[in-house]
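Here the structure comes first, spelled out in structure tokens, and everything after it is commentary.
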Amino acid sequence: MDDAAALHAIFSDPRPMRYWSTLAHESLAQTEEWLAGMMATDPASSDDFILEADGEVVGKLGCWRLPEVGYLLNPAAWGRGFASEAMAAFIAHRRRSGSRELTADTDPRNGASIRLLQRHGFVETGRARNSWLIGGQWFDSIYWRVDL
Ligand SMILES: CC(C)(COP(=O)(O)OP(=O)(O)OC[C@H]1O[C@@H](n2cnc3c(N)ncnc32)[C@H](O)[C@@H]1OP(=O)(O)O)[C@@H](O)C(=O)NCCC(=O)NCCS
């Protein structure tokens, strides 16, 4: 729970939350609830990580619900290869855990996320219009999968 404040700085920032599955968090309590939920999940169905660089929390990457991977980095840490490094480590970790696949769901406009998935071998498996209704706005999806 010591990471809640640093995570809240990310989850309350509209830039990284632009294509997230919820609106930006409005209170620290909301992020604490998210973090408590993350820690309470059954490891058989969930495998999620907080990312640190030089001892500072920079984001999260992993599966809130296996096998779907999700990630979010502090904008101050974007473009430095951290997400790619974390994804490579996570894929190796899931392979060692005997997992056969990972999936992902991105907004078609989310270039950084799409590039990250393609770089790590994810292939497109489908598309959907109006798959998410968030804050009164509809968002579309591209679905992805990688075999491990
Ligand atoms: C997606 C995200 C985690 C990428 O983090 P990052 O640390 O900047 O990514 P990296 O530096 O590891 O770069 C990964 C790849 O994306 C590319 N990339 C980075 N920003 C980009 C952008 N704005 N547009 C297109 N490609 C981009 C990089 O060049 C790199 O490609 P390469 O491997 O071919 O060089 C980060 O942008 C983020 O937190 N976004 C908001 C949250 C989000 O949308 N999550 C996904 C929900 S599905």
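Quick caveat, the model's predicted, so the values are computed rather than measured. Both counts, for ligands and for their atoms, begin at 1 and track the order of listing.
Nearest to atom 46 (C) of ligand 1 by heavy-atom distance, out of Tyr71, Trp20, Trp144, is Tyr71. Checking Asp107, Val69, Ile10, Leu73 against atom 39 (O) of ligand 1, the nearest heavy atom belongs to Leu73.
The environment of CZ in Arg65 is sparse: at most 12 heavy-atom neighbours from other residues, nucleotides or ligands sit within 6.0 Å. Residue Glu56 qualifies as open at atom CD: its count of foreign heavy atoms under 6.0 Å is 12 or below. Within 6.0 Å of the CG atom in Asp42, the count of heavy atoms belonging to other residues, nucleotides or ligands exceeds 12. Around the CD atom of Glu33, the shell of radius 6.0 Å holds no more than 12 heavy atoms that belong to other residues, nucleotides or ligands. The number of heavy-atom neighbours closer than 6.0 Å to CD of Glu52, taken from other residues, nucleotides and ligands shown, is above 12.
Of the N or O atoms in Trp78, one or more lie within a sub-3.5 Å distance of an N or O in ligand 1. Of the N or O atoms in Arg15, none lie within a sub-3.5 Å distance of an N or O in ligand 1. Inclusion of Tyr19 in the set of residues having an N or O under 3.5 Å from an N or O of ligand 1 is not warranted. Close N/O approach between Thr106 and ligand 1 is not found [any backbone or side-chain N/O within under 3.5 Å].
Under the 4.5 Å side-chain heavy-atom criterion for grouping Ile, Leu, Val, Met, Phe, Trp and Tyr, Trp20 is connected to Met38 within one hydrophobic cluster.
Summary of contacts: the protein heavy atom closest to atom 44 (O) of ligand 1 is Asn110 ND2, 2.7 Å. Nearest protein heavy-atom neighbour of atom 34 (O) of ligand 1: Arg115 NE, 2.8 Å. Of the protein's non-hydrogen atoms, the one nearest atom 42 (C) of ligand 1 is Pro16 O, 3.2 Å. Scanning the protein for heavy atoms near atom 2 (C) of ligand 1, the closest one is Ala83 CB, 4.4 Å. Protein heavy atom closest to atom 14 (C) of ligand 1, with residue, atom name and distance, is Leu116 CD1, 4.0 Å. With respect to atom 23 (N) of ligand 1, the closest heavy atom belonging to the protein is Ala112 CB, 4.0 Å. For atom 35 (O) of ligand 1, the closest non-hydrogen atom of the protein is Arg119 NH2, 3.7 Å.
Near Leu72, meaning under 4.0 Å from any of its heavy atoms, are these atoms of ligand 1: 39 (O), 42 (C). Those atoms of ligand 1 with a heavy atom of Gly81 less than 4.0 angstrom away are 10 (P), 11 (O), 12 (O). Near Phe82, meaning under 4.0 Å from one of its heavy atoms, ligand 1 places the atoms 7 (O), 12 (O). For ligand 1, the atoms sitting less than 4.0 Å from at least one non-hydrogen atom of Ser84 are 12 (O), numbered in the order shown with element in parentheses.
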Problem - Worked check of salt bridge (Lys or Arg N to Asp or Glu O under 4.0 Å) between Asp48 and Lys60 - result: CA-CA 7 Å; Asp48 219 349; Lys60 88 111 204 167; 2.9 Å; yes
Exercise for the section: Before giving the answer on side chain to side chain donor-acceptor pair (under 3.5 Å), spell out for Thr106 and Trp144 the whole-Å C-alpha distance, their side-chain angles and the decisive distance to 0.1 Å. Expected result: CA-CA 8 Å; Thr106 60; Trp144 303 86; 2.9 Å; yes
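With sequence neighbours left out, Tyr143 forms a side-chain hydrogen bond (donor to acceptor under 3.5 Å, both in side chains) with no residue at all.
In the hydrophobic clustering, where aliphatic and aromatic side chains (Ile, Leu, Val, Met, Phe, Trp, Tyr) are joined below 4.5 Å either directly or transitively, Leu23 groups with Tyr19, Trp132, Ile134, Phe139.
A heavy-atom separation below 4.0 Å is found between Gly79 and ligand 1.
Of the protein's heavy atoms, none falls inside 4.0 Å of atom 29 (O) of ligand 1.
With a 4.0 Å cut-off on non-hydrogen atoms, Asp105 touches ligand 1 through its backbone and not its side chain.
A pairwise comparison of heavy atoms in Leu148 and Ile91 identifies CD2-CG2, 3.8 Å as the closest pair. Here the closest non-hydrogen pair linking Asn130 and Asp140 is N-OD1, 2.8 Å.
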